[in-house]
Amino acid sequence: VVKFLSDNRRLYGSMIGGLALSSLLISGVQNWGPTFYIRTFGWSAREIGVASGGVSLIASMIVLGIGPWLTERMARTRDDANMRVAVIAYVTALPFQIFGPMMPSAWLAISCTGVGTACAMTATTPFVAAMQTITPSSRLS
């Protein structure tokens, strides 16, 4: 296994690095977000907890099904559908995550970053499935 991973380090390193950056993005928004809303818009911890929890709950229920569905549709014509969906999701998330904190109101900001987080979450299942797809299932010798 070590030899296989070493021989394919560029491939697996890139994918593991991408998953790590994705986790960093989502964790950063979740951990930094409450302080941002408290300092910038004067929200209480309770208000931000209810708002961000609601946005996360709704977004995760919707998007965790969209990634696999979109991947299945794209896989009809593309062999690399898992990675394409992940890249599209991350590229779509980027402007929402950048401009979310610049919004003039708390509700616009939380909506914008919520859409960005939802887009990034869409990539989770296809990205993990891509790693499973490229990894051989038989014993390595």
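Predicted model, so just to flag it, every value in this text is computed and none were measured.
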What is the distance from atom [atom1] of [X] to atom [atom2] of [Y], rounded to the nearest 0.5 Å?
{"X": "Glu47", "Y": "Ile38", "atom1": "CD", "atom2": "CD1", "answer": "9.5 Å"}
{"X": "Asn8", "Y": "Met15", "atom1": "CG", "atom2": "CE", "answer": "11.5 Å"}
{"X": "Trp107", "Y": "Phe41", "atom1": "CH2", "atom2": "CZ", "answer": "11.5 Å"}
{"X": "Met131", "Y": "Met83", "atom1": "CE", "atom2": "CE", "answer": "9.5 Å"}
{"X": "Ile48", "Y": "Phe36", "atom1": "CD1", "atom2": "CZ", "answer": "9.0 Å"}
{"X": "Ile66", "Y": "Thr71", "atom1": "CD1", "atom2": "OG1", "answer": "11.0 Å"}

Taking [X] for its side chain and [Y] for its backbone only, find out whether a donor-acceptor pair lies under 3.5 Å.
{"X": "Ser22", "Y": "Gly18", "value": "no"}
{"X": "Tyr37", "Y": "Ile110", "value": "yes"}
{"X": "Ser6", "Y": "Val2", "value": "no"}
{"X": "Ser56", "Y": "Gly53", "value": "no"}

- Task: Please tell me if the side chains of Ser52 and Trp43 come closer than 4.5 Å, counting only heavy atoms from C-beta onward.
- Result: no
Are [X] and [Y] joined in one hydrophobic group, where the rule is that I, L, V, M, F, W and Y side chains link up if heavy atoms are under 4.5 Å apart?
{"X": "Phe4", "Y": "Ile134", "result": "yes"}
{"X": "Leu64", "Y": "Leu70", "result": "no"}
{"X": "Tyr12", "Y": "Phe127", "result": "yes"}
{"X": "Ile16", "Y": "Leu11", "result": "yes"}
{"X": "Leu108", "Y": "Leu94", "result": "yes"}

Closest non-hydrogen atom pair between [X] and [Y], with its separation:
{"X": "Phe96", "Y": "Cys112", "answer": "CB-O, 3.3 Å"}
{"X": "Asn82", "Y": "Ala130", "answer": "CB-CB, 3.5 Å"}
{"X": "Gly100", "Y": "Thr113", "answer": "CA-CG2, 3.7 Å"}
{"X": "Pro68", "Y": "Thr125", "answer": "CD-OG1, 3.7 Å"}
{"X": "Gly114", "Y": "Val55", "answer": "CA-CG1, 3.7 Å"}
{"X": "Ala120", "Y": "Ala93", "answer": "N-CB, 3.8 Å"}

- Message: Counting only heavy atoms not in Asp79 (residues, nucleotides, ligands), do more than 12 fall under 6.0 Å from its CG?
- Response: no
- With sequence neighbours left out, which residue pairs that include part of residues 56-91 fulfil the ring pair (Phe, Tyr, Trp, His ring centres under 6.0 Å) condition? none
- Query: Could you walk me through whether Gln97 and Thr117 pass the side chain to side chain contact (heavy atoms under 4.5 Å, CB included) check?
  - Reply: CA-CA 7 Å; Gln97 295 295 12; Thr117 301; 3.1 Å; yes
